[in-house]
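The model shown is predicted, which means the values in this text are computed figures rather than measured ones.
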Amino acid sequence: MAYHFSSISHDPSSSTSLFSLLHTQPSIFRCSDKVNEFERTQLRTPALFRRKAANLQTMASGKTPGLTHNDFTTYEAIVDRENNTDVFDDMKQRFLSFKKLKYMDNLEHFKKLADAQAPKFLVIACADSRVCPSAVLGFQPGEAFTVRNIANLVPSYESGPTETKAALQFSVNTLEVENILIIGHSRCGGIQALMSMEDEGDSRSFIHNWVVVGKKAKESTKAVASNLHFDHQCQHCEKTSINHSLERLLGYPWIEEKVRKGSLSLHGGYYDFVNCTFEKWTVDYEGSRGKNEGSGIAVKNRSVW
């Protein structure tokens, strides 16, 4: 059964926490002592990494503050002043844990990966530090070819070259992935920038020139949700934008051909890190074929985890 999908309703105001902490599954390790040591390493977050990210809305408007002498980075900037330790100490320990507990225990698998990769998925996700697909969905090395950009957008086939389009071409035509999964997420700064910027924004802003790719999603959101609070409009746009990107994928001739032949499937996903839920759906190609361009897509196999 196919659904015409434009948004998934949800009320972010009911949430009280920013996100739920995801633990590494202990089953991949061979002893509890190693697990405890690994988790302690993983959960230790330097104060430097807890600083707030730059406000994308301000940057998209082109009103970025100027740099002063105190803004320039020195070696001291990579020191966790709270604990007086080099921030790379934790990174080193995490790598050594990976090498000992995963790489060495699966040496044959990693030797095969050294010769070639054959991922089943191309994942297009946001660059936001809170939504790493491998951490959230458990992708292991070799399972997912991944490209991340601001607001997990897919530009139209007719537009100029981008790293996202290069990733699409390589993964679909060379690696021959069987699935493309676009993952959006809650409280996306890129979508907030898109929803708040003026139509004729600062053309010198890299952020503006990128998020404008999602302009149709913004227009669609404003048409049906203009009476809602801005946060709710953004959430609506976060999900609508995923489907607009899925629709644009069908504008790539070599993607459309593979989808039509059944060798490639297109999927959407939405990670709500406030409540730690994940919504997944699949494009219904046959149900979408009769629609006019820009009128949306039909979806199927929708589920919430």
Side chains of Ser245 and Arg248 only: does a donor on one sit below 3.5 Å from an acceptor on the other? yes

To the closest 0.5 Å, what do you measure between CZ (Phe273) and CG (Asp128)? 6.0 Å

Excluding sequence neighbours, so at least two apart, what forms side-chain hydrogen bond (donor to acceptor under 3.5 Å, both in side chains) with Ser159? Lys165

According to side chain to side chain contact (heavy atoms under 4.5 Å, CB included), who are the partners of Val212, at least two apart in sequence or on a separate chain? Met197, Lys215

Grab the two heavy atoms, one from Trp210 and one from Ile150, that are nearest each other, plus how far apart they are. NE1-O, 2.7 Å

What distance separates Gln192 CD from Gln235 CD, expressed to the nearest 0.5 Å? 11.0 Å

Contacts of Ala151 meeting side chain to side chain contact (heavy atoms under 4.5 Å, CB included) (sequence neighbours excluded), chain-then-number -> Leu153, Cys188, Ile191

Non-neighbouring partners of Asn173 that pass side-chain hydrogen bond (donor to acceptor under 3.5 Å, both in side chains), sequence neighbours left out: none

Looking at Ser288 and Ala298, would you say the former's side chain and the latter's main chain have a donor-acceptor pair under 3.5 Å? yes

For the residue pair Ile124 and Val154, establish whether any side-chain heavy-atom pair is separated by less than 4.5 Å. yes

Taking only residues at least two apart or on different chains, which pairs with a member in residues 253-270 satisfy salt bridge (charged side-chain N to carboxylate O under 4.0 Å, His left out)? Glu256-Arg260, Glu257-Lys261

Under the side chain to side chain donor-acceptor pair (under 3.5 Å) test against Tyr270, which residue among Glu238, Glu279, Lys239 passes? Glu238

So, Thr221 side chain and Ala217 main chain: donor-acceptor pair closer than 3.5 Å or not? yes

Grab the two heavy atoms, one from Val211 and one from Gly190, that are nearest each other, plus how far apart they are. CG1-O, 3.7 Å

Shared ILVMFWY cluster between Val136 and Val304, side chains joined below 4.5 angstrom? no

Separation between SG of Cys126 and CD1 of Ile182, rounded to the nearest 0.5 Å: 12.5 Å

Is the closest side-chain heavy-atom distance between Ile183 and Leu137 below 4.5 Å? yes

For Tyr157, all residues meeting side chain to side chain contact (heavy atoms under 4.5 Å, CB included), sequence neighbours excluded: Tyr252, Pro253, Trp254

Show me the pairs that pass side-chain hydrogen bond (donor to acceptor under 3.5 Å, both in side chains) and involve residues 108-126, at least two apart or across chains. Lys120-Glu178

Between Lys218 (side chain) and Leu194 (backbone), is there a donor-acceptor pair under 3.5 Å? yes

Mind checking side chain to side chain contact (heavy atoms under 4.5 Å, CB included) for Phe110 and listing every partner two or more places apart, or none if nothing turns up? Phe98, Tyr103, Asn106, Leu113, Pro141

Pairs involving residues 119-138, ordered by first then second residue, that meet ring-ring contact (aromatic ring centres under 6.0 Å, His included) (sequence neighbours left out): Phe121-Phe139

Which residues pass the side-chain hydrogen bond (donor to acceptor under 3.5 Å, both in side chains) test with Ser129, not counting sequence neighbours? none

Are the side chains of Ile255 and Ile180 in contact, using a 4.5 Å heavy-atom criterion? yes

Taking atom types as modelled, find out whether His236 and Thr240 have a side-chain donor-acceptor pair closer than 3.5 angstrom. yes

Got a second to check how far Ser186's OG is from Asp272's CG, nearest 0.5 Å? 4.5 Å

Answer yes or no: is there a side-chain heavy-atom contact under 4.5 Å between Phe230 and Ser196? yes

How long is the straight-line distance from CZ of Arg187 back to SG of Cys234, given to the nearest 0.5 Å? 11.5 Å

With sequence neighbours left out, what residues match Lys222 under side-chain hydrogen bond (donor to acceptor under 3.5 Å, both in side chains)? Gln233

Which heavy atom of Ala167 sits nearest to which heavy atom of Val147, and what is that distance? CB-CB, 3.9 Å

Please report the shortest heavy-atom distance between Val299 and Asn243, naming the atom on each side. CG1-OD1, 4.3 Å

Nearest heavy-atom pair of Ala193 and Ile207: which atoms, and what distance? CB-CG2, 4.5 Å

Just verifying a value: how many Å separate Arg302 CZ and Trp281 CH2, rounded to the nearest 0.5 Å? 8.0 Å

Quick note, side-chain hydrogen bond (donor to acceptor under 3.5 Å, both in side chains) partners involving residues 141-155, not counting sequence neighbours, are Asn149-Thr164

Looking at Gln140 and Gly138, would you say the former's side chain and the latter's main chain have a donor-acceptor pair under 3.5 Å? yes

Given side chains that start at C-beta, do those of Leu249 and Val283 come closer than 4.5 Å, heavy atoms only? no

